[in-house]
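In listed order, ligands and their atoms are each counted from 1.
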Amino acid sequence: MTQHLAAPSTGTSGDAPAHQTGWWQDAVIYQVYPRSFADGNGDGMGDLAGVRGRLPYLKDLGVDAVWLSPFYASPQADAGYDVADYRTIDPMFGTLLDADALIRDAHDLGLRIIVDLVPNHSSDRHEWFRRALAEGPGSALRERYHFRPGKGADGELPPNDWESIFGGPAWTRTTDPDGTPGDWYLHLFAPEQPDFNWEHPAVADEFRSILRFWLDMGVDGFRVDVAHGLVKAAGLPDLGSHDQLKLLGNDVMPFFDQDGVHEIYRSWRIILDEYPEKKGPGGPSSEGRWWATGGRILVAEAWTPTVERTANYVRPDEMHQAFNFQYLSTAWDAAELRKVIDTSLDAMRPVGAPTTWVLSNHDVTRHTTRFANPPGLGTQIRTAGDRDLGLRRARAATLLMLALPGSAYVYQGEELGLPDVTDLPDEVRQDPSFFRAEGQDGFRDGCRVPIPWTRDGSSYGFGDGGSWLPQPEGWGELSVQAQTGEEGSTLELYRSAIAARRAHPGLGAGASVEWLGAPEGLLIFARPGFVCTVNTTGRPVRIPVRGNVLLSSSPVVTDGAEIELPADTTVWWTV
Ligand code: GLC
């Protein structure tokens, strides 16, 4: 077992500790949302067989790893983020044999697999919770969740004033087995997602065992859902008269980003470090299969008030990466972008973890549509905006992201330049937060519409049995088939950019960028062997040529010693 290192004291700078380096340092990681990626059995819902069949596409795209959103047994009250059994696959996605085959095929292709772990809450159909309800007050299983008596004369008021992220109170009252109203239980998300009580040793034991189960299956890591939520402030204190929606993400809350969470991740890190080498049945195969040499990783989904607090999750003895939501939330504006890039790099440097970059995921409006709208609307946008503008900026934003040091996340379909589907009729929507008033989320279905593989055909090649959310007209023109080999297509831009990152490791390496002087609205920075120029303004700007154009997000023409950098365009130069 590798040594368990103590957390560093705060603020010290220095080189990355040796054990913090590995494949993930500059990896491009592709998020698959299984229900919307590819449907192998034609039931209108994506599945593991579908993902397996499309692995060559991901290999060809050039990514290093694939993160799959949850595929475990689940009533799907929150699209699988409500897990009823952490060790089985939901029949709608396949079986454990399918998962095994997927992991093996991915490894054969040199792709790593990261699975989603949902430790903050289970489904209300999880055996522990079902029994806790059925056994009634006094059941020992209730201690594994947060059951409390209500306030008021008859316990008719919730135990505290916390609100669910999806809207409404964070508490639901139970009915006792004899039919009378009983205690309340806590759910920071939907009522079908009761929060675990992480003070209870059985909860901690269970998750250590679940980690081992999937590590033994051969996975290369875990994306940890709501990593900031597991520990609640002692006594579950009221928030007071604050507007919770305003505080979320801007302040430490009694239920988010409590310091106690870090102890949990230290204990998980010890387990991951026990798996220094991936061993399949019988050990490394003689048939020339590809086997990873160690490097199982933990990735935090931690919404914290500042990148400095996010850095706490990736101290040397905790997780390996954390999503950079501050970057995701930044407008298409040179000054803002430069600020968030600097702050992010500065925050991660002392802990030696790679900075990560992300523009889209399954919880936010796709960045093509965010950038098509005026800034300041947040990450849940209901209007299509100016689609051409959005796509131009999105392509430029991608080349900027892929020129930064660290690891980048790509959400399925962004390589096709897909917009959010903003006009889904209410009756087809499935996001639980859409149905609860005034939640933080609500419009997440728009980024979850199944992706188009072919120009025509049933559900544009997604599968033979339609698609669980309707695909818009014209989706086929954005398909993989329509864009493959097409000069200037967004898909080919992603392929070229990721290939260039591989061919020139300097692009993703290191932990800093060297800013060069730039006119207002532009970013110009050097990376080893490269210069990246970004015009975030809506007008062309003439700048001196910086070397040889390696890649550009829209067509450029150099003119002697100068170039006219088109509006909303990024260019990579080799020097
Ligand atoms: C995370 C997931 C989101 C889910 C929530 C509750 O934020 O990304 O999709 O709804 O956790 O599990």
Side-chain angles (χ1 to χ4, degrees), residues 29 31-37 46 67-84 86 90 114-126 129 145 162-168 170 172 186-196 198 207 210 222-230 232 245 248-249 253 255-257 261 298-304 310 313 319 321-326 328-329 356 358-366 378-380 409 411-412 420 429-436 439-449 469:
I29 301 178
Q31 180 187 358
V32 162
Y33 195 63
R35 49 169 54 216
S36 305
F37 188 66
W67 148 38
L68 294 132
S69 281
F71 43 63
Y72 314 108
S74 159
Q76 306 290 325
D78 184 19
Y81 282 95
D82 48 318
V83 181
Y86 291 85
D90 196 283
I114 294 173
V115 294
D116 219 307
L117 186 72
V118 189
N120 179 67
H121 43 262
S122 70
S123 158
D124 62 347
R125 308 308 299 153
H126 188 283
F129 193 78
Y145 294 90
W162 298 357
E163 285 165 27
S164 151
I165 307 305
F166 291 163
T172 290
L186 175 69
H187 52 85
L188 291 181
F189 294 88
E192 296 88 352
Q193 294 167 295
D195 279 52
F196 281 119
W198 270 87
F207 273 90
I210 293 165
F222 302 90
R223 175 264 189 191
V224 182
D225 188 62
V226 196
H228 52 307
L230 277 49
K232 278 73 181 174
L245 266 183
L248 272 177
M253 320 276 283
F255 46 82
F256 277 163
D257 200 26
V261 295
L298 293 165
V299 184
E301 187 219 17
W303 291 83
T304 70
T310 303
Y313 290 75
M319 304 215 202
Q321 288 188 348
F323 292 115
N324 186 344
F325 293 123
Q326 278 83 5
L328 182 149
S329 315
T356 64
V358 60
L359 291 164
S360 280
N361 65 30
H362 66 293
D363 287 331
V364 298
T365 302
R366 286 182 178 277
T379 56
Q380 304 280 317
Y409 279 81
Y411 175 52
Q412 66 176 41
D420 234 58
R429 288 188 182 272
Q430 314 241 347
D431 183 352
S433 50
F434 179 73
F435 303 100
R436 290 168 68 87
Q440 173 183 253
D441 299 322
F443 289 88
R444 301 180 299 172
D445 290 313
C447 65
R448 299 175 176 180
V449 173
L469 278 175

Worksheet entry | Side chain, backbone, both or neither: the part of F323 lying under 4.0 Å from ligand 1 by heavy atom | neither
Practice prompt. Say whether F166 and ligand 1 are in contact under the criterion: heavy-atom distance to a ligand atom below 4.0 Å.
Written response: yes
Worksheet item: Does R444 come within less than 4.0 Å of D420, counting only side-chain N to carboxylate O?
Response: no
Discussion item. Tell me whether ligand 1 is touched by R448 - counting only heavy atoms on the residue side and a distance under 4.0 Å.
Written reply: yes
Response to the item:
ligand 1 atoms nearer than 4.0 angstrom to some heavy atom of Q193 are 6 (C), 12 (O)
Item to complete: Measure centre to centre between the rings of W162 and F255, then say whether the value is under 6.0 Å.
Response: yes
Worksheet item: Atoms of ligand 1 less than 4.0 Å from R444 heavy atoms?
Response: 3 (C), 4 (C), 9 (O), 10 (O)
Discussion item. With a 4.0 Å cut-off on N to O distance, would you call K232 and D195 a salt bridge?
Written reply: yes
Item to complete: Please determine if D363 and R448 form a salt bridge, counting it only when a charged side-chain N lies under 4.0 Å from a carboxylate O.
Response: yes
Practice prompt. Looking only at distances, please establish whether an N/O atom of ligand 1 is found under 3.5 Å from an N/O atom of R223.
Written response: yes
Fill in: Non-hydrogen side-chain atoms of D90 and Y72 separated by less than 4.5 Å
no
Worksheet item: H362 heavy atoms, cut-off 4.0 Å: which ligand 1 atoms fall inside?
Response: 2 (C), 3 (C), 8 (O), 9 (O)
Worksheet item: Does F166 have its ring centroid less than 6.0 Å away from the ring centroid of F435?
Response: no
